[in-house]
Amino acid sequence: MTILHADSNHPLLIQQLELAGYQNIEAYHRSMDDILKDQHLFEGLVIRSRFDIDKNFLDAAPNLKFIARVGAGLESIDVDYARKRGIALFSAPEGNRNAVAEHSLGMLLSLFNKLNKADREVHKGFWNREANRGIELDGKTVGIIGYGNMGKAFAKKLRGFDVRVLCYDIKEGVGDENAKQVNLDVFKEQVDVVSLHTPWTPETNKMIDADFINGFKNPFWFINTARGKSVVTEDLVSAMIEGKILGAGLDVLEYEKSSFENLFAENHVPEPLQELMFLENVIFSPHVAGWTIESHEKLATTIAQKIIAEFGNFAEKKI
């Protein structure tokens, strides 16, 4: 089986596939049209985020048996049509769930203790102790929206704190010893912190809007290490100015390009984001929650193992 790699990944991915007897084509800098000229040469496709794989691409690649995305989500792929075509789909949320969980916790603790603000001030020579008095996580109720790989990993990290953890998910029966599953009404009534861990789907697109935020009984802290397009930035800014959201840690933004490699599709900063950037109780990171040295290896290994498990080890067959 021959696999085309449209994005660069950790060398372990190709190494493990080669050891299992797969042929690999590295096409990191080739355009989609150029790749499709050789579509008859490959049966597997490995991507990260450089391309959207739509119906037209799938129709132009009749020999395709699988698509593997070295990441947590499959939103860049026309999943329904691919499955209709009998194409196997792989992703690797197991590979970066720990990284996302640690990043989420780091953002939350930084917000509670005003670490980013205090750091900036001390760098400028200011020693404002009272203005940087923090609050403690102990005793709070942390709410997790989306209780899959990422949500569960975050809840596990919270076990060392004296906190109550609630989760909300559209799937039933996903709660465990680390988080109690509740309905959305109970969730909105009781949480002090909201951490988003959902994939980007039609249901989660622009999910965090004014109506959603206004449904909470108390002001809350907000962490988003999931997908930027799940949040309406303009409504987030308004809620923060009004005190309905006490602070936000944002690893992802509504305005990111679909490749995640650049912030904007155009060369200007949207007005809601400009306003958000002026708020001291917001911390940002550039979509790197799952982007650690360790997760780079884990993602590659996870994808290689899933491909080999599904299609076999050709090296063993030769022996």
Side-chain angles (χ1 to χ4, degrees), residues 3 5-20 22 44-50 53 65-77 79 82-83 87-107 144-160 165 167-179 181 195-201 204 223-227 230 251-252 260 285 287-313:
I3 302 171
H5 298 256
D7 293 274
S8 61
N9 288 291
H10 195 282
L12 278 172
L13 176 56
I14 286 182
Q15 290 172 12
Q16 292 183 18
L17 291 171
E18 286 181 342
L19 286 173
Y22 291 78
L45 176 66
V46 174
I47 61 171
R48 204 169 67 231
S49 299
R50 190 160 66 99
I53 307 300
K65 291 183 172 61
F66 76 83
I67 303 170
R69 180 168 181 268
V70 186
L74 295 171
E75 65 266 29
S76 60
I77 303 169
V79 171
R83 286 176 174 157
I87 296 171
L89 301 175
F90 305 114
S91 62
E94 308 93 334
N96 62 357
R97 61 189 174 192
N98 184 71
V100 170
E102 290 190 5
H103 197 95
S104 301
L105 181 57
M107 280 190 146
I144 299 173
I145 299 179
Y147 205 60
N149 277 281
M150 308 303 170
K152 288 179 184 294
F154 181 48
K156 185 177 179 181
K157 296 298 177 189
L158 292 168
R159 288 172 63 176
V165 183
C167 66
Y168 169 73
D169 197 288
I170 58 173
K171 295 181 180 179
E172 296 182 1
V174 298
D176 57 20
E177 68 277 9
N178 298 323
Q181 186 170 9
S195 189
L196 192 62
H197 296 279
T198 51
W200 184 48
T201 67
T204 63
I223 305 293
N224 187 10
T225 54
R227 289 292 182 260
S230 294
D251 180 56
V252 291
F260 307 141
S285 54
H287 204 137
V288 293
W291 202 254
T292 63
I293 300 298
E294 293 83 359
S295 71
H296 194 33
E297 295 186 10
K298 290 177 187 176
L299 287 166
T301 298
T302 299
I303 286 295
Q305 289 173 347
K306 287 186 176 183
I307 293 170
I308 294 167
E310 179 72 18
F311 293 98
N313 188 324

- Task: Please assess Asn9 against Arg48 for the test side-chain contact (heavy atoms from CB on, under 4.5 Å), listing each intermediate value before the final yes or no.
- Result: CA-CA 8 Å; Asn9 288 291; Arg48 204 169 67 231; 3.7 Å; yes
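- Every residue two or more places apart in sequence or in another chain that forms a side-chain contact (heavy atoms from CB on, under 4.5 Å) with Ala6 is listed here: Leu4, Ile35, Leu45, Ile47, Arg50, Phe51.
- Between the side chain of Asp251 and the backbone N or O of Ala289 there is at least one donor-acceptor pair closer than 3.5 Å.
- Under the side-chain hydrogen bond (donor to acceptor under 3.5 Å, both in side chains) criterion, Ser91 pairs with no residue at all, not counting sequence neighbours.
- Residues that satisfy the side-chain hydrogen bond (donor to acceptor under 3.5 Å, both in side chains) test with Thr302, not counting sequence neighbours, are absent from this structure.
- Listed here is the closest heavy atom pair of Leu299 and Ala92: CD2-O, 3.2 Å.
- Counting only heavy atoms from C-beta outward, the side chains of Val165 and Asn178 never approach each other to under 4.5 Å.
- The nearest pair of heavy atoms linking Gln16 to Ala304 is OE1-CB, 3.5 Å.
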- Item | Residue pair Leu17, Ile308: steps toward the side-chain contact (heavy atoms from CB on, under 4.5 Å) verdict | CA-CA 8 Å; Leu17 291 171; Ile308 294 167; 4.3 Å; yes
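- At a threshold of 4.5 Å between non-hydrogen side-chain atoms, the residues Phe154 and His197 count as touching.
- The CG atom of Asn224 lies 4.5 Å from the CG atom of Leu196; values are rounded to the nearest 0.5 Å.
- Remark: Glu310 engages Phe90 in a side-chain contact (heavy atoms from CB on, under 4.5 Å) (not counting sequence neighbours).
- For Leu89, the side-chain contact (heavy atoms from CB on, under 4.5 Å) test picks out Ile67, Leu74, Ile77, Val79, Ala82, Arg83, Ile87, with sequence neighbours left out.
- Considering every non-hydrogen atom in both Ala68 and Ile303, the closest pair reads CB-CG2, 3.8 Å.
- Looking at every heavy atom in both residues, Asp169 comes nearest to Gly148 through OD2-N, 4.3 Å.
- Ser295 is linked by a side-chain contact (heavy atoms from CB on, under 4.5 Å) to Asn96, Ala99, Thr292, counting only residues two or more places apart in sequence or in another chain.
- The two residues Pro93 and Asn149 make their nearest non-hydrogen contact at CG-ND2, 3.5 Å.
- Between Gly151 and Ile144, the shortest heavy-atom contact is O-CD1, 3.6 Å.
- Taken to the nearest 0.5 Å, the NZ atom of Lys65 stands 11.5 Å off from the CD1 atom of Ile3.
- By the side-chain hydrogen bond (donor to acceptor under 3.5 Å, both in side chains) test, His5 is found to be paired with Asn24, residues two or more places apart in sequence or in another chain being considered.
- Ile307 places a side-chain heavy atom less than 4.5 Å from the side chain of Tyr22.
- For the salt bridge (charged side-chain N to carboxylate O under 4.0 Å, His left out) condition, the pairs that include at least one residue of residues 288-306, sequence neighbours left out, are Glu94-Lys306.
- Residue pairs satisfying the salt bridge (charged side-chain N to carboxylate O under 4.0 Å, His left out) criterion with at least one member in residues 144-158, sequence neighbours excluded, are listed as follows: Glu102-Lys157, Lys152-Asp176.
- Atom CD1 of Ile170 sits about 7.5 Å away from atom OH of Tyr168, to the nearest 0.5 Å.
- Under the 3.5 Å distance criterion, the side-chain polar atoms of Ser76 are left unmatched by any main-chain donor or acceptor of Ser49.
- Using a 4.5 Å heavy-atom cutoff, the side chains of Met150 and Ser104 are not in contact.
- Partners of His103 under the side-chain hydrogen bond (donor to acceptor under 3.5 Å, both in side chains) rule, at least two apart in sequence or in another chain, are Ser285.
- Ring geometry, His296 versus Trp291: the interplanar angle falls from 30° to 60°, so the pair is classed tilted.
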- Apply side-chain contact (heavy atoms from CB on, under 4.5 Å) to Tyr147 and Gln181, showing your working. CA-CA 9 Å; Tyr147 205 60; Gln181 186 170 9; over 6 Å; no
